[in-house]
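Here the structure is laid out as structure tokens; the discussion comes afterwards.
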There are 2 protein chains.
Amino acid sequence: MLKIGELAQRTGISRDALRFYEKHGLITPTARTDSGYRLYSKSDVLRISFILSAKEVGFTLNEVHQLLELEVTKDKKSCQDVKEFVDNKIQVVNQRLIEMKKIKQSLKTLSVACCGGDEPATHCTILGALNTHNR
Amino acid sequence: MLKIGELAQRTGISRDALRFYEKHGLITPTARTDSGYRLYSKSDVLRISFILSAKEVGFTLNEVHQLLELEVTKDKKSCQDVKEFVDNKIQVVNQRLIEMKKIKQSLKTLSVACCGGDEPATHCTILGALNTHNR
DNA sequence: CTTGACTCTGGTCTATACTCCAGACTTTAT
DNA sequence: ATAAAGTCTGGAGTATAGACCAGAGTCAAG
Ligand SMILES: [Zn+2]
Ligand SMILES: [Zn+2]
Ligand SMILES: [Zn+2]
Ligand SMILES: [Zn+2]
């Protein structure tokens, strides 16, 4: 059984973050010492690695929470359920991606039109473009 | 001169948002009535359109703030300054874009490996992948 | 037996961009 | 004159993911 500091070191997550995850129902230490110190077991470590993996592929803590529930009740859930969850997330990410590409394009358009020179920016096309009420 | 509600209607920004922008130094009504009502002039309307345009191309309010300062002091600033600002933002957006693409790819990899069937998810490759400590 | 390192709880703070609310005025319309 | 609609200020709440801090208790080593 590990104390919180040891677990923090092994996982690279801060003690505060671990307590934060606990507060939000992502993980609960298997036991406590008489004095109240958290004690984490091997399965707790596995759970942490699950959380980390899920975070790495872009799930929010809230989503990790839902994933953990799928995991725990996986005999009552189907692959369909799990895949649907992931596919939904892909849709969201994709949407966000499209928006950001648009933004990048707009910025590039602004940038290329500007001479970038040393003269005062009174004639700057960027500032000019932002000033025009475009609708 | 427009009262806040009229300006809100013309710009599509809520009254609360207008007051919020004011609190953060993005805009100040040209005048106030004796009773304290905000009064916006034509130049205030232009400023709002500047803010809107900048927001549309992805600048945060903080960045819009900096842009407005460039705008106001444009005779003391060069095109170089302005372009640099925009190019910096492009870099940031681009970085974010790369990260999101990675995430999307990871999610897709997870998704295609899952059968998506009706059977219990005890064998699900997605849950399996998240459970393996990948480093 | 006393440091120093660790842990506990509960609370505040950060950035982002607002929204919503209450209680009190003011203005407009009937 | 009265009611409805608009405005004022200040403050709280929302989601995200923790960081940091204080005051107090605990544990190991010298
Ligand atoms: Zn120029
Ligand atoms: Zn320019
Ligand atoms: Zn399957
Ligand atoms: Zn599956």
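Below, read A as the first sequence line, B as the second, and so on, with proteins coming before strands; counting in each chain starts at 1.
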Please set out all donor-acceptor pairs under 3.5 angstrom arising from side-chain atoms of residues 96-107 of chain A, sequence neighbours excluded.
from: A:Arg96; atom 1: NH1; to: A:Glu99; atom 2: OE1; distance (Å): 3.2
from: A:Lys104; atom 1: NZ; to: B:Asn94; atom 2: OD1; distance (Å): 2.7
from: A:Ser106; atom 1: OG; to: A:Lys102; atom 2: O; distance (Å): 3.0

**Asked** Taking atom P of D:dT26 as reference, at what distance in whole Å does atom CD of A:Glu6 sit?
**Response** 19 Å
**Fill in**
With sugar-phosphate taken as primed atoms, P, OP1 and OP2 and all else as base, the protein-contact string of nucleotides 17-30 of chain C at under 4.0 Å (heavy atoms; B, S, -) is BBBB-----BS---
**Fill in**
Between CD of B:Gln9 and C1' of D:dG6 the distance, given in whole Å, is 12 Å
**Message:** Could you check whether atom CD of A:Gln9 has more than 12 heavy atoms from other residues, nucleotides or ligands sitting under 6.0 Å from it?
**Reply:** no
**Request:** Using whole Å, report how far CD of A:Gln66 lies from P of D:dT16.
**Result:** 10 Å
**Prompt:** Can you tell me how far C1' of D:dG18 sits from CD1 of A:Ile13, to the nearest Å?
**Reply:** 11 Å
**Request:** Would you mind reading off the distance between B:Leu2 atom CG and D:dT7 atom C1', rounded to a whole angstrom?
**Result:** 15 Å
**Request:** Starting from P on D:dC27, measure out to CZ on A:Arg38 and report it in whole angstrom.
**Result:** 15 Å
**Prompt:** Do the charged groups of A:Arg19 and A:Asp16 touch, with an N to O distance under 4.0 Å?
**Reply:** yes
**Message:** Tell me the interatomic distance from B:His65, atom NE2, to C:dT16, atom C1', rounded to whole angstroms.
**Reply:** 15 Å
**Prompt:** Between D:dT26 atom C1' and A:Arg32 atom CZ, what is the distance in whole Å?
**Reply:** 14 Å
**Message:** I'd like to check A:Lys83 versus B:Thr125 (side-chain heavy atoms, cut-off strictly below 4.5 Å). Are they in contact?
**Reply:** no
**A:Tyr40 side chain reached by A:Glu6 side chain, heavy atoms, under 4.5 Å** = no
**Request:** Flag yes if more than 12 heavy atoms outside A:Lys77 fall under 6.0 Å of its NZ atom; otherwise flag no.
**Result:** no
